[in-house]
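A short write-up of the structure that comes next.
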Number of protein chains: 2
Amino acid sequence: MRDTGMGAGLGGESLLFLTDEQLRQGIEAMFFAYRGFTADPDRILADLAYGRAHHRAVHFINRAPGTTVNNLLNILGVTKQSLNRVLRTLIADGLVESRVGQHDKRERHLFLTEDGHALEQKLSDAQRARMRTAFREAGPDAVGGFRRVLEAMMDPEMRRAYARLKENGA
Amino acid sequence: MRDTGMGAGLGGESLLFLTDEQLRQGIEAMFFAYRGFTADPDRILADLAYGRAHHRAVHFINRAPGTTVNNLLNILGVTKQSLNRVLRTLIADGLVESRVGQHDKRERHLFLTEDGHALEQKLSDAQRARMRTAFREAGPDAVGGFRRVLEAMMDPEMRRAYARLKENGA
DNA sequence: TTGGAATGTCAACAACACTGACGTAAGCTG
DNA sequence: CAGCTTACGTCAGTGTTGTTGACATTCCAA
């Protein structure tokens, strides 16, 4: 609603001066884009009686095989009760395997089974396809900016988790 | 995991060649960043017995005052029953006013009350503050790229809704 | 004017998050 | 060894948010 009173003209963003309108557009872009981001996996999951929570679990177990329940908890930012419900169904359905730790027998290390890998592939194929299209459409320079802004938007703790996973995969 | 074998040096990504690893990092960046994106308003809402759905409704009613329920439905992408529950509490609590349409009496036009505006301000102040910090940290070039990628990630219908709102506010 | 489409409301249910409390097994420390 | 802590699982209860189904009102067009 508010006009800052100066320099909202040029489509470019001035370095120091961010209008509320520019910020609001960023907010709405996040909202609408996130919907697109989850749309394709959501469609696949709906047919399988799974939800987004299952997707997240499968994604990060694939990304860091052998991760412990506690570690996954920190990455996902949910309660153990909530994660447990999801994990239980995934294990019961034979998509995830839980192995007692060798060094520390209290820990459970999580792995995808063959079926689990198949689902992960299916889900991430869909999501990567959209990401690839978006990256291509926007161009290589935009991709760098995209990632820099997102990284700056994370809570510090999540930024660390993100960085750790990046090294993991690189 | 995979190196493209070429020109990965300069922060830029090669145009044609997007590795699965690059795409996966984009996916994880979206996931972690969205958590940060919603964290501040969520904290405020928790104290008020409201949720994210209330925030979204208030945001878009503020953005397009007098909008109809149906219009809001399309923007939010939920069922009318789901939106109605949220709207009902907001109206009961005196944050939103619903006026019967003059031209078409089936329609309800939605407006924020004074209290509604106050809440909207509080929520969007928090969210804009984070967005502003992220934009400043990432720099003006990054902001353009950020928006271009997000726009390319939206479903076409949402891209249109986003564009319409942009004109609305400009 | 009558039937269908559009708009919005109420009721019931499912998914998934949360808190709180408790139990068990295993590791650690004095 | 005894006692504390950690890691994990589970039961019970609650709240938000999504869904479908049924229904009332209003508009419009045959």
Side-chain angles (χ1 to χ4, degrees), chain A residues 31 34-35 38-39 41-58 61 66-93 96-111, chain B residues 31 34-35 38-39 41-61 66-93 95-111 123:
Chain A
F31 172 69
Y34 198 77
R35 285 255 296 281
T38 56
D42 280 357
R43 264 188 292 274
I44 296 171
L45 290 159
D47 295 334
L48 303 172
Y50 288 145
R52 228 174 264 182
H54 300 83
H55 180 192
R56 292 194 285 258
V58 165
I61 292 173
T67 188
T68 63
V69 173
N70 222 348
N71 187 17
L72 201 51
L73 237 44
N74 291 327
I75 290 175
L76 295 177
V78 295
T79 59
K80 63 177 178 180
Q81 295 89 331
S82 200
L83 175 59
N84 190 258
R85 182 174 359 97
V86 168
L87 238 34
R88 204 175 351 181
T89 71
L90 289 173
I91 291 170
D93 294 351
V96 167
E97 194 191 343
S98 165
R99 296 185 205 151
V100 173
Q102 295 205 327
H103 175 70
D104 185 335
K105 285 178 192 158
R106 292 171 305 177
E107 294 180 339
R108 301 296 138 85
H109 298 276
L110 303 170
F111 300 87
Chain B
F31 173 69
Y34 199 77
R35 286 255 296 281
T38 56
D42 279 357
R43 264 189 291 274
I44 296 171
L45 290 158
D47 296 333
L48 302 171
Y50 288 144
R52 230 175 261 182
H54 299 84
H55 181 191
R56 292 194 285 258
V58 165
H59 175 98
F60 286 110
I61 292 172
T67 187
T68 62
V69 172
N70 216 358
N71 186 18
L72 202 51
L73 237 45
N74 291 327
I75 290 176
L76 296 178
V78 295
T79 58
K80 58 183 178 175
Q81 295 88 332
S82 193
L83 174 60
N84 188 259
R85 184 172 354 95
V86 168
L87 239 33
R88 204 177 345 177
T89 70
L90 289 174
I91 291 170
D93 295 351
L95 301 181
V96 168
E97 194 190 342
S98 164
R99 297 184 204 152
V100 173
Q102 294 205 328
H103 175 70
D104 186 334
K105 286 178 191 156
R106 292 171 303 179
E107 295 180 339
R108 302 294 137 88
H109 298 275
L110 303 170
F111 301 87
L123 293 171

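Order of the sequence lines sets the chain letters (A, B, ...), proteins ahead of strands, with each chain counted from 1.
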Nearest of [options] to any side-chain atom of [X]?
| X | options | value |
| --- | --- | --- |
| B/Thr68 | D/dA7, C/dG8, C/dT19 | C/dG8 |
| A/Val69 | D/dG18, C/dA17, D/dG9 | D/dG9 |
| B/Val78 | D/dC8, D/dT19, C/dA17 | D/dT19 |
| B/Ala49 | D/dT17, D/dT16, C/dT19 | D/dT16 |
| B/Gln81 | C/dA11, D/dC8, C/dA26 | C/dA11 |
| A/Lys105 | D/dT17, C/dA26, C/dC10 | C/dA26 |

[X] vs [N]: side-chain N/O to OP1/OP2 distance below 4.0 Å:
| X | N | answer |
| --- | --- | --- |
| B/Thr79 | D/dT19 | yes |
| A/Arg56 | C/dA17 | yes |
| A/Asn70 | D/dA7 | yes |
| B/His54 | D/dT17 | yes |

Side chains of A/Phe31 and B/Thr38, heavy atoms from C-beta outward: is any pair under 4.5 Å? no

Q | Validation row: B/Val58, B/Leu95 side chains within 4.5 angstrom (heavy atoms) | A | no

Check every strand shown and say whether [X] touches a base, only sugar-phosphate, or nothing at a heavy-atom separation below 4.0 Å.
| X | result |
| --- | --- |
| A/His109 | nothing |
| B/Arg88 | sugar-phosphate |
| B/Arg85 | base |
| B/Gly77 | nothing |

Calculate the interatomic distance between [X] atom [atom1] and [N] atom [atom2]; express it in whole Å.
| X | N | atom1 | atom2 | answer |
| --- | --- | --- | --- | --- |
| B/His55 | D/dT16 | NE2 | C1' | 16 Å |
| B/Leu73 | C/dA6 | CG | C1' | 12 Å |
| B/Asn84 | D/dC23 | CG | P | 17 Å |
| A/Asn71 | D/dA7 | CG | P | 11 Å |
| A/His103 | D/dC8 | NE2 | P | 13 Å |
| A/Ile91 | D/dC8 | CD1 | P | 12 Å |
| B/Leu48 | D/dG15 | CG | C1' | 15 Å |
| B/Tyr50 | C/dA17 | OH | P | 24 Å |

Contacts of A/Arg106 and A/Gly51 projected onto DNA chain C by closest heavy atom; the upstream (5') one is A/Gly51

When A/Gln102 and A/Lys80 are each assigned the nearest nucleotide of DNA chain C, the 5'-most assignment goes to A/Lys80

Using side-chain contact (heavy atoms from CB on, under 4.5 Å) as the criterion, point out the one residue from B/Ile91, B/Val69, B/Thr68, B/Leu72 that pairs with B/Arg108.
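Testing each of B/Ile91, B/Val69, B/Thr68, B/Leu72 against B/Arg108, the sole residue satisfying side-chain contact (heavy atoms from CB on, under 4.5 Å) is B/Val69.
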
Practice task
Determine the interplanar angle of the B/Tyr34 and A/Tyr34 rings, folded into 0 to 90°, and report it as parallel if under 30°, tilted if 30 to 60°, perpendicular if over 60°.
Solution key: parallel

Item checked: Residue pair A/Leu90 / A/Ala57: nearest heavy atoms and the distance that separates them ->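 Closest heavy-atom pair between A/Leu90 and A/Ala57: CD1-CB, 4.1 Å.
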
Original post:
Hey, does the side chain of A/Arg52 reach the backbone of A/Leu45 with a donor-acceptor pair shorter than 3.5 angstrom?
Top reply: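 A pair under 3.5 Å: no.
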
